[in-house]
Chemist: 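Have a look at this one.
In each ligand, atom 1 is the first atom listed, and ligand 1 is the first ligand listed.
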Amino acid sequence: MTSAKQDIEPGASAIGVDEIVALYRKYRDDLAVVRNEQRALRAANPALKAQLDDLEAEITYLLIRETRPANMVEIGSLHGWSTNWILRALRDNGMGHLHTYDLIDNARHNVAPELADERWTFVRGDARNELALYDRKIDYLFIDAAHTASFARWFVGDLFPLLRSDVPVSVHDVFHGRRPWPVSEGRVVLSWLADAGLDHFTVSRAAAPRHHRRITGLKDELGLAAPVHTGRHNPMLFFRTA
Ligand SMILES: C[S@@+](CC[C@H](N)C(=O)[O-])C[C@H]1O[C@@H](n2cnc3c(N)ncnc32)[C@H](O)[C@@H]1O
């Protein structure tokens with residue numbers, strides 16, 4: 001485990017590439033272990049569909065490590081690839097609980113009992129209905145579900161206003177290209193961020209090639225270059241609430 005102290009400003013700032021670089025250095029050794037665990041998970045489950053690409057999965061892991069959320073919500077788990085990344089971060093923090101919402105429950109079959117144990121609640125159903133029953137605060141919100149404008153209008157309208165300040169939020173499938181599609185989840189999220197005066201961060205190869213190159217080069221330097229899985233778009237958008 002790496003314990004080198006890094007000069008990272010916690011809290012009310014936008015997520016930026018320098019912060020992410022510092023987090024890769026700080027948690028490098030733990031991340032190397034988790035990458036191997038995720039690789040082994042895929043090897044043991046060849047049918048497991050993995051949607052989250054490596055950089056965005058790793059950044060999610062790093063932000064969870066640094067933020068230490070007590071309560072985290074994931075919307076959209078599919079076969080549990082992102083769920084495993086998130087649960088390993090909570091395990092490595094030694095604290096935190098994840099509530100996962102999905103219409104299908106395949107993820108249940110792909111999370112090891114010792115990882116799930118007392119750390120994970122899976123709720124099968126439409127997040128738009130089920131989250132009405134969620135009665136905790138959300139310290140990290142991860143969204144990778146229906147990529148439609150109407151679904152996004154639900155979460156920016158009903159969920160985002162409930163978040164306290166300094167809460168990290170991840171929204172997947174925004175930046176497959178330089179910009180989100182005109183009528184899409186990503187477009188709705190970007191409009192909401194603009195109205196709120198908030199910046200976002202991405203390492204999308206198409207939308208942020210310099211960030212993408214910087215993190216890829218850093219991973220070479222840190223001995224983390226070998227891919228865990230093959231996706232390379234990294235379309236996730238990250239931001240912190242004001
Ligand atoms: C892109 S997949 C998630 C991929 C996963 N995060 C990963 O890393 O592999 C999207 C998931 O969102 C779920 N989903 C779609 N609409 C939903 C809704 N309204 N409520 C809950 N889950 C939903 C789908 O069932 C699907 O499993």
Side-chain angles (χ1 to χ4, degrees), residues 31 34-35 37-64 69 72-90 98-112 115-116 119-134 138 140-160 162 168-177 180-181 183-186 188-189 202-204 227-238:
L31 182 57
V34 168
R35 280 165 44 85
E37 290 174 331
Q38 290 289 105
R39 213 178 265 122
L41 174 69
R42 283 200 81 211
N45 300 270
L48 187 155
K49 270 198 194 166
Q51 302 274 301
L52 211 57
D53 298 339
D54 287 356
L55 300 188
E56 57 198 9
E58 291 163 1
I59 291 170
T60 301
Y61 173 86
L62 295 170
L63 288 171
I64 295 169
M72 177 153 182
V73 166
E74 175 190 36
I75 306 176
S77 51
L78 190 62
H79 294 177
W81 183 244
S82 49
T83 314
N84 272 275
W85 274 102
I86 292 167
L87 288 172
R88 293 186 207 286
L90 298 180
L98 174 67
H99 276 72
T100 294
Y101 297 83
D102 202 303
L103 300 168
I104 58 169
D105 70 348
N106 300 42
R108 276 193 171 136
H109 309 298
N110 293 322
V111 176
L115 194 55
R119 195 176 286 123
W120 190 42
T121 303
F122 180 86
V123 182
R124 184 175 187 173
D126 189 325
R128 289 170 292 193
N129 304 326
E130 300 297 338
L131 265 159
L133 303 172
Y134 181 83
I138 300 175
Y140 194 127
L141 176 61
F142 178 99
I143 303 174
D144 184 11
H147 301 302
T148 61
S150 64
F151 190 75
R153 280 193 285 274
W154 164 70
F155 66 71
V156 304
D158 285 22
L159 217 47
F160 285 4
L162 303 179
V169 179
S170 310
V171 184
H172 199 230
D173 282 315
V174 173
F175 290 115
H176 284 285
W181 298 297
V183 182
S184 65
E185 174 187 44
V188 172
V189 174
T202 182
V203 285
S204 153
V228 176
H229 99 103
T230 49
R232 297 181 63 210
H233 288 267
N234 291 284
M236 185 155 257
L237 173 153
F238 300 85

Chemist: Considering only heavy atoms from C-beta outward, does the side chain of Ile138 approach that of Leu162 to under 4.5 Å?
Modeler: no

Chemist: Hey, what do you get for CD1 (Ile75) to NE2 (His172), rounding to the nearest 0.5 Å?
Modeler: 15.0 Å

Chemist: Under 4.5 Å between any side-chain heavy atoms of Leu41 and Trp81, yes or no?
Modeler: yes

Chemist: Is the closest heavy-atom distance from Gly125 to ligand 1 below 4.0 Å?
Modeler: yes

Chemist: Where's the contact between Ala57 and ligand 1, heavy-atom distance under 4.0 Å: side chain, backbone, both or neither?
Modeler: neither

Chemist: For atom 12 (O) of ligand 1, grab the closest protein heavy atom and report residue, atom and distance to one decimal in Å.
Modeler: Ala145 CA, 3.2 Å

Chemist: Looking at side-chain heavy atoms only, is the closest gap between Pro235 and Asp53 below 4.5 Å?
Modeler: yes

Chemist: Could you find the nearest protein heavy atom to atom 20 (N) of ligand 1 and give me its residue, atom name and distance?
Modeler: Ala127 N, 2.9 Å

Chemist: Which of the atoms in ligand 1, numbered in the order shown and given with their element, are less than 4.0 Å from a heavy-atom of Lys49?
Modeler: 9 (O)

Chemist: If you measure every N or O of Asp126 against every N or O of ligand 1, does any of those distances drop under 3.5 Å?
Modeler: yes

Chemist: State the atoms of ligand 1, each with its element, that fall below the 4.0 Å cut-off from a heavy-atom position in Leu52.
Modeler: 8 (O)

Chemist: Does any part of the side chain of Phe122, heavy atoms only, come nearer than 4.5 Å to the side chain of Val111, both counted from C-beta?
Modeler: no

Chemist: Look at atom 15 (C) of ligand 1 and say which protein heavy atom is nearest, naming residue and atom and giving the distance to 0.1 Å.
Modeler: Ala146 N, 3.7 Å

Chemist: To the nearest 0.5 Å, tell me how far Leu78 CG sits from Lys49 NZ.
Modeler: 6.5 Å

Chemist: Before signing off on this row, confirm whether Trp81 and ligand 1 have an N or O atom pair separated by under 3.5 Å.
Modeler: no

Chemist: Please lay out, stage by stage, how Val189 and Val169 fare under the test side-chain contact (heavy atoms from CB on, under 4.5 Å).
Modeler: CA-CA 11 Å; Val189 174; Val169 179; over 6 Å; no

Chemist: Assess whether atom NE2 of His233 is packed by more than 12 heavy atoms of other residues, nucleotides or ligands within 6.0 Å.
Modeler: no

Chemist: Tell me the contacting part of His172 for ligand 1: side chain, backbone, both, or neither, using a 4.0 Å heavy-atom threshold, strictly below.
Modeler: neither

Chemist: In terms of atom number and element, which parts of ligand 1 are under 4.0 angstrom from non-hydrogen atoms of Ser77?
Modeler: 5 (C)

Chemist: For His109 and Asn106, which I'm curious about, is there any donor-acceptor pair between the side chains at under 3.5 Å?
Modeler: no

Chemist: Hey, which atoms in ligand 1 end up nearer than 4.0 Å to a heavy atom of Ser82?
Modeler: 5 (C), 6 (N), 7 (C), 8 (O)

Chemist: Looking at Arg39, I want to see if its CZ is surrounded by more than 12 non-hydrogen atoms of other residues, nucleotides or ligands under 6.0 Å.
Modeler: yes

Chemist: Check each of Asp144, Asp102, Ile104, Leu103 against atom 25 (O) of ligand 1 and report the one with the nearest heavy atom.
Modeler: Asp102

Chemist: Closer than 4.0 Å to some heavy atom of Phe151 - which atoms of ligand 1 meet that?
Modeler: 18 (C), 19 (N)

Chemist: Can you confirm, on distance only, whether ligand 1 has an N/O atom lying under 3.5 Å from any N/O atom belonging to Ala50?
Modeler: no

Chemist: Does Trp85 reach ligand 1, in the sense of a heavy atom lying below 4.0 Å from it?
Modeler: no

Chemist: Ignoring angles and geometry beyond distance, decide whether Phe142 reaches within less than 3.5 Å of ligand 1 through its nitrogen or oxygen atoms.
Modeler: no

Chemist: Report the C-alpha separation of Asp173 and Asp144 in whole Å, then their side-chain angles, then the decisive distance to 0.1 Å, and conclude whether the side-chain contact (heavy atoms from CB on, under 4.5 Å) test is met.
Modeler: CA-CA 7 Å; Asp173 282 315; Asp144 184 11; 3.7 Å; yes

Chemist: Would you check the N or O atoms of Gln51, main chain and side chain alike, for any that come under 3.5 Å of an N or O of ligand 1?
Modeler: yes

